[in-house]
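All figures in this text were calculated on a predicted structure; none of them were measured in a lab. Numbers here simply count residues along the sequence, with the first being 1.
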Amino acid sequence: MTPPIATAADWKTEPLPARHITLALDFSLDAAEAACVRHGLIPLEMEDKWFLYYAGGTLHLHRSWTGFCIAQVHFIADGEGLRAISAEVNRDPAQYTGSDDAADAALIERMVRGLQASQRYLAERQAWLSRPTQPQ
């Protein structure tokens, strides 16, 4: 079962607040990783923590509980893959307590590179939850 491609309309979201910073990024993704970015991530429930969707060359990272936008990661084409070039990161302390630029850059890269595993986990969980129950 392949999950649907995430769009902004798939989850409650809030815009990136006026209080944010821009971080320079420079990491490349191969074709498979880029496909995962373009696919995004729709949580099965709020406890899955993140909702991600890709639009117009930007990956939007939102917390699933609140819909708060934590970051917007900008990509450019890089051969068959993508290269992350910058990100706007939330700095509104009422929405996000992160304040360490290096830690946020590392979190973004870790999340982006881990998308394939996250997508696989949610797809397997969805398949398990959708299976017919066995009579007792």
Side-chain angles (χ1 to χ4, degrees):
M1 169 184 275
T2 302
I5 294 174
T7 69
D10 290 324
W11 204 259
K12 173 191 163 240
T13 61
E14 298 291 332
L16 185 69
R19 192 167 177 185
H20 65 271
I21 58 143
T22 300
L23 295 177
L25 298 175
D26 186 18
F27 63 89
S28 293
L29 305 175
D30 63 24
E33 292 170 316
C36 290
V37 165
R38 291 183 182 107
H39 198 94
L41 187 72
I42 302 172
L44 298 179
E45 55 193 2
M46 286 189 281
E47 289 76 12
D48 291 326
K49 297 186 182 177
W50 292 99
F51 166 61
L52 284 66
Y53 71 94
Y54 184 80
T58 300
L59 181 66
H60 302 259
L61 288 74
H62 293 265
R63 292 308 306 253
S64 63
W65 276 76
T66 61
F68 293 154
C69 181
I70 302 304
Q72 295 177 345
V73 185
H74 304 285
F75 292 90
I76 59 171
D78 186 15
E80 293 184 12
L82 293 171
R83 184 165 57 92
I85 56 170
S86 67
E88 280 94 27
V89 180
N90 189 326
R91 285 294 182 255
D92 182 338
Q95 294 184 6
Y96 179 60
T97 58
S99 61
D100 182 317
D101 295 354
D104 284 332
L107 171 67
I108 289 167
E109 185 171 357
R110 191 169 54 253
M111 284 183 66
V112 168
R113 292 195 184 282
L115 262 174
Q116 186 174 23
S118 296
Q119 290 164 343
R120 187 172 36 251
Y121 167 75
L122 289 178
E124 289 171 2
R125 211 168 102 219
Q126 180 65 46
W128 186 83
L129 291 171
S130 299
R131 76 186 195 293
T133 56
Q134 300 297 319
Q136 299 285 328

Kindly state each residue pair satisfying salt bridge (charged side-chain N to carboxylate O under 4.0 Å, His left out) with at least one member in residues 30-39, sequence neighbours excluded. E33-R113
Residues at least two apart in sequence or cross-chain that pass side-chain hydrogen bond (donor to acceptor under 3.5 Å, both in side chains) with D92, listed by chain then number, are none
Please round to the nearest 0.5 Å and tell me the distance separating atom CG of N90 and atom CD of Q72. 10.0 Å
Applying salt bridge (charged side-chain N to carboxylate O under 4.0 Å, His left out), which residue pairs with at least one partner in residues 4-15 are found, sequence neighbours left out? none
Using a side-chain heavy atom cutoff under 4.5 Å and only I, L, V, M, F, W and Y, what cluster partners does I85 have? I76
Just how far is it from atom CG of L16 to atom CD1 of I70, taken to the nearest 0.5 Å? 9.0 Å
Heavy-atom closest pair, residues L25 and A87: CD1-CB, 3.7 Å
With side-chain contact (heavy atoms from CB on, under 4.5 Å) as the test, would you mind laying out the steps for I108 and V89 before giving the verdict? CA-CA 10 Å; I108 289 167; V89 180; 4.0 Å; yes
Here the gap from L59 atom CG to L115 atom CG, rounded to the nearest 0.5 Å, amounts to 6.5 Å
Suppose we screen for salt bridge (Lys or Arg N to Asp or Glu O under 4.0 Å). Which residues come up paired with D101, at least two apart in sequence or across chains? R91
According to salt bridge (Lys or Arg N to Asp or Glu O under 4.0 Å), who are the partners of E88, at least two apart in sequence or on a separate chain? none
Provide the full list of salt bridge (charged side-chain N to carboxylate O under 4.0 Å, His left out) pairs with a residue in residues 72-84, sequence neighbours left out, each pair given once. D26-R83
By side-chain hydrogen bond (donor to acceptor under 3.5 Å, both in side chains) - contacts of S99 (at least two apart): none
Taking only residues two or more places apart in sequence or in another chain, which ones pass salt bridge (Lys or Arg N to Asp or Glu O under 4.0 Å) with D100? none
Mind checking what makes side-chain hydrogen bond (donor to acceptor under 3.5 Å, both in side chains) contact with Y53, not counting sequence neighbours? none
So CH2 of W11 and CG of L52: to nearest 0.5 Å the spacing works out to 12.0 Å
Do F68 and H62 come close enough that some side-chain heavy atom pair is under 4.5 Å? no
L41, T13, L61 screened by side chain to side chain contact (heavy atoms under 4.5 Å, CB included) with F51, the one that passes: T13
Between SG on residue C69 and NE2 on residue H20, distance to nearest 0.5 Å: 9.5 Å
Ignoring hydrogens and angles, tell me if any N or O in the side chain of R63 forms a donor-acceptor pair with the backbone of K49 under 3.5 Å. yes
Under a single-linkage definition using a 4.5 Å side-chain heavy-atom cutoff for Ile, Leu, Val, Met, Phe, Trp and Tyr, are V112 and Y54 assigned to the same hydrophobic cluster? yes
Looking only at heavy atoms, what is the nearest atom pair of L23 and A105, with distance? CD1-N, 4.0 Å
Looking at residues at least two apart in the chain, or sitting in another chain, which of them share a side-chain hydrogen bond (donor to acceptor under 3.5 Å, both in side chains) with T58? H74
Nearest 0.5 angstrom please: F27 CZ to L82 CG, how far? 9.5 Å
